[in-house]
Number of protein chains: 2
Amino acid sequence: MPELSAARPKRADALRNIESILDAATECLADDADVSVADIAAAAGVGRITLYGHFKTRAELVDAVFARTMRKADEILASTDTTGEPGEALARLVAASWQIVHQQRNLLHAAQRELPPERIRGTHDRVLRRMQTLIARGQHEGVFRTDLPKQWLVTTAFSLMHSAADEVRAGRVKADDVPALITQTLTSAFTP
Amino acid sequence: MPELSAARPKRADALRNIESILDAATECLADDADVSVADIAAAAGVGRITLYGHFKTRAELVDAVFARTMRKADEILASTDTTGEPGEALARLVAASWQIVHQQRNLLHAAQRELPPERIRGTHDRVLRRMQTLIARGQHEGVFRTDLPKQWLVTTAFSLMHSAADEVRAGRVKADDVPALITQTLTSAFTP
DNA sequence: ATTATCTCGTACTTCGCTGTTCAGGTTGTG
DNA sequence: CACAACCTGAACAGCGAAGTACGAGATAAT
């Protein structure tokens, strides 16, 4: 089922506004998962009613923001070199992922509060899969341990990134130190 | 400053109700961080107004529940043997901690939403310190790595426990497997 | 037994947010 | 240009939760 009623193209200004809204929402949600729709609309320089014209509910908006962010994240990760020695590739992938996790720490919280878990999982999927693929390769080449399920290793990696983000936020760790911290930890955690 | 105005002893039934409320709140918050005060009161078999008589605000209630849970957790951990080979002691400490983290997964979320971070940190402190002490000893004995700050190793340990709790909840990991999973991961992550 | 304490239902206020409706003005598109 | 799509503010309805006030009744302490 491609489309129901051909959905004629939106007008240019509508598209522009939608972009503004998504941009503003991304920013607002990044530093407060509880922002009101009104605040987002204001930040976008748009009427609240206009916003509702494009996104029927708050959840729909959050979903759109989350999906877009994940899509962008996936593009960034796609441009990260994951070839070569798995350990080094992991370091590169972690460094790139960390930036995104760190910047969007709150967006995930917002999503978790308003979206069903399956939906989050689905949207996350492609990003997770990149890590998973790399880990699988590392296991295959005998560089990463195989006594633990690769799914768990993925969880471990993201777990550390999220926790590190919290630590930075609390001022207990410097943001610049994080990639090294995580990489070193994961390197020993993953070696057989 | 011991006490301001001597706080005469509460009546027996009041104490009993306070206990009921804390018990009910602990249970309710454990499976939904967003329960209403009304629901908690109902679960405690107590009027909502009675609850407000003992806890001025919702935040105060959450704080009390959180503090009590951490106190109990600390007692459990206190009865855990942390002597002997650090690696094995860590395994025991993780197993014990994991139970608590797993059961109270949502309580932390509730606390994070309603309490100031410093407060959470403060209440958490004694529990974290146990892990930290063990890690310090392990480092001292040359069993755990020293190229990363011990604070970070503590973070790593708890990070994995919390993520594991999420995985279990999502049905991707069996609860019984978790202690081994975490222990194995941490063992390699911590060895130099 | 008397008193201070505690309980509890009902009903109310306050608050903030979401989502909708309406009516009129603006702007892009063909 | 003409029309449809779009934007807009203001105002409103609905909701759920927090917290308050009152007053009658139950219960524990001394």
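Lettering of chains follows the sequences in order, A, B, ..., and the numbering in each one begins at 1.
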Could you check how far CD1 of B:Ile40 sits from P of D:dA17, rounded to whole Å? 11 Å
Listed nucleotide nearest any side-chain atom of A:Arg58, set C:dC6, C:dT18, D:dA10: C:dT18
Counting only side-chain N and O atoms of A:Arg16, is one of them less than 4.0 Å from OP1 or OP2 of C:dG28? yes
Heavy atoms from C-beta onward define the side chain here; which of D:dG19, C:dG28, D:dT27 lies closest to that of B:Thr57? D:dG19
Nearest-Å distance, CG (B:Asp34) to P (C:dC17)? 16 Å
What is the distance, to the nearest angstrom, from the OH atom on A:Tyr52 to the P atom on D:dC12? 18 Å
Got a donor-acceptor pair under 3.5 Å from the side chain of A:Arg48 to the base of C:dG19? yes
For A:Thr146 and A:Gly142, indicate whether the former's side chain and the latter's backbone hold a donor-acceptor pair under 3.5 Å. no
Over how many whole Å does the gap from A:Leu15 atom CG to D:dC6 atom C1' extend? 12 Å
Under 4.0 Å: is that the gap between some side-chain N or O of A:Asn17 and OP1 or OP2 of D:dC6? no
Measure from the side-chain heavy atoms of B:Ala14 and tell me the nearest of C:dT27, D:dA21, C:dT7. C:dT7
Determine: side-chain N/O of B:His54 to OP1/OP2 of C:dT7, distance under 4.0 Å, yes or no. yes
